[in-house]
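What follows is a set of notes on a single structure, which appears directly below.
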Amino acid sequence: MKIRSWFSFVDRRFAVKWSLLGVVAGIAIAIDLWTKHLAEERLVLGELDKILPFFYLQRTANDGVAFGLLGGNRTLIVVANVVAIIVVLAYVAMERRLLLGGIAGGMVIGGSIGNMVQRFGGDGLVTDFMKFPHWPNFNMADVFIDVGIAMIVLGLLVEAVRAWRAGRRDTA
């Protein structure tokens, strides 16, 4: 009886984590594509609109990935995206913390898919529209990817510190 209840607990945790990943990824894709659509409708390509002293809206068309890297190399960009998604899925599968795995993984995967959908849905270019001074333009997919990766890195650091502390207590 105990084994059966343990398996149902594990199954429930598994379902929650992967459901959360799917919901977060779906929300990230929807927000990304919607904001890109708004930018394309309402912003003139290249024109700079000051929103705050440190934040601008400026629509650009990007044929690369972050910071314009891999510009024009669509095949390499697709391969890199697919590899990144596989790595994130492997991380989520191994992550014991439901919220961290589901939310961070969903953000990275949703952002990656949002950019790939736009890249394949049109002329191969991705719309970027947010800008800080002295920083390349970016979009909501980039925000989701960066925040998700930051969450994963912080989660891994917290786990490493916990393991290090546990090891020190055992040897003391």
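One is the number of the first residue; the rest follow in order along the sequence.
Met140 approaches Thr35 most closely through the heavy-atom pair CG-OG1, 3.5 Å. Nearest approach of Leu45 to Ala61, heavy atoms of both residues: CD1-N, 4.1 Å. Across Ala104 and Gly148, no two heavy atoms sit closer than the pair CB-O, 3.7 Å. Shortest non-hydrogen contact noted between Ile149 and Val108 is N-CG2, 3.6 Å.
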Quiz: residues 24-34 side-chain donor-acceptor pairs under 3.5 angstrom, not counting sequence neighbours:
{"unit_1": "Asp32", "atom_1": "OD1", "unit_2": "Lys36", "atom_2": "NZ", "d": "3.4"}
{"unit_1": "Asp32", "atom_1": "OD1", "unit_2": "Ala141", "atom_2": "N", "d": "3.0"}
{"unit_1": "Asp32", "atom_1": "OD2", "unit_2": "Lys36", "atom_2": "NZ", "d": "2.8"}

Using distance only, find each side-chain donor-acceptor pair of residues 16-23 under 3.5 Å and give its atom names and separation, not counting sequence neighbours.
{"unit_1": "Lys17", "atom_1": "NZ", "unit_2": "Val92", "atom_2": "O", "d": "2.7"}
{"unit_1": "Lys17", "atom_1": "NZ", "unit_2": "Glu95", "atom_2": "O", "d": "2.6"}
{"unit_1": "Ser19", "atom_1": "OG", "unit_2": "Ala15", "atom_2": "O", "d": "2.7"}

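Evaluation of the side-chain contact (heavy atoms from CB on, under 4.5 Å) rule for Val44 yields Glu47 as partners, not counting sequence neighbours. With sequence neighbours left out, the ring pair (Phe, Tyr, Trp, His ring centres under 6.0 Å) criterion links Phe129 to no other residue. Applying the ring pair (Phe, Tyr, Trp, His ring centres under 6.0 Å) test to Phe55 and every residue at least two apart in sequence or in another chain returns Phe132. Remark: Ser112 pairs with no residue by the side chain to side chain donor-acceptor pair (under 3.5 Å) rule, at least two apart or across chains. Scanning for salt bridge (charged side-chain N to carboxylate O under 4.0 Å, His left out) contacts around Glu159 gives Arg96, Arg97, Arg162, with sequence neighbours left out. For Ile86, the side-chain contact (heavy atoms from CB on, under 4.5 Å) partners at least two apart in sequence or on another chain are Val82.
The hydrophobic cluster containing Val79 also includes Val83, Val87, under a criterion of side-chain heavy atoms closer than 4.5 Å among ILVMFWY residues, counted directly or through chains of members. Residue Tyr56 shares its hydrophobic cluster (ILVMFWY side chains chained together at separations under 4.5 Å) with Leu48.
Cluster membership for Val147 and Leu98, using ILVMFWY side-chain heavy atoms within less than 4.5 angstrom, is not shared. In this structure, Val88 is a member of the same hydrophobic cluster as Leu157, with clusters built from ILVMFWY side-chain heavy atoms closer than 4.5 Å. No path of Ile, Leu, Val, Met, Phe, Trp and Tyr side chains, each step under 4.5 Å between heavy atoms, connects Ile51 with Leu38, placing them in separate hydrophobic clusters. No single ILVMFWY cluster, assembled from side-chain heavy atoms under 4.5 Å apart, contains both Leu156 and Met94. Follow the hydrophobic side-chain contacts under 4.5 Å out from Ile109 and you reach Leu99 in the same cluster.
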Report the C-alpha separation of Leu100 and Tyr91 in whole Å, then their side-chain angles, then the decisive distance to 0.1 Å, and conclude whether the side-chain contact (heavy atoms from CB on, under 4.5 Å) test is met. CA-CA 10 Å; Leu100 179 61; Tyr91 161 77; 3.3 Å; yes
From CA spacing to verdict: side-chain contact (heavy atoms from CB on, under 4.5 Å), Gln118, Glu40: CA-CA 12 Å; Gln118 190 180 32; Glu40 291 168 354; 2.7 Å; yes
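Atoms CG and CG, on Leu52 and Leu57 in that order, are 9.5 Å from each other to the nearest 0.5 Å. Separation of atoms CD (Gln58) and CG (Asp49) is listed at 9.0 Å; rounding is to 0.5 Å.
Between Ile145 and Met107, every side-chain heavy-atom pair lies at or beyond the 4.5 Å cut-off. Side-chain contact check for Phe144 versus Ile113: every heavy-atom pair is 4.5 Å or farther apart. Contact check for Met130 versus Asn137: no side-chain heavy atoms found under the 4.5 Å cut-off. Within the 4.5 Å cutoff, the side chain of Asn139 has no heavy atoms near those of the Thr127 side chain. Side chains of Phe120 and Val78 form a contact here, defined as non-hydrogen atoms less than 4.5 Å apart.
Applying the salt bridge (charged side-chain N to carboxylate O under 4.0 Å, His left out) test to pairs two or more places apart or on separate chains, none has a residue in residues 143-154. Pairs of residues two or more places apart, or lying in two chains, never qualify as salt bridge (charged side-chain N to carboxylate O under 4.0 Å, His left out) while including a residue from residues 117-136.
Side chains of Asn81 and Asn115: no donor on one and acceptor on the other come within 3.5 Å.
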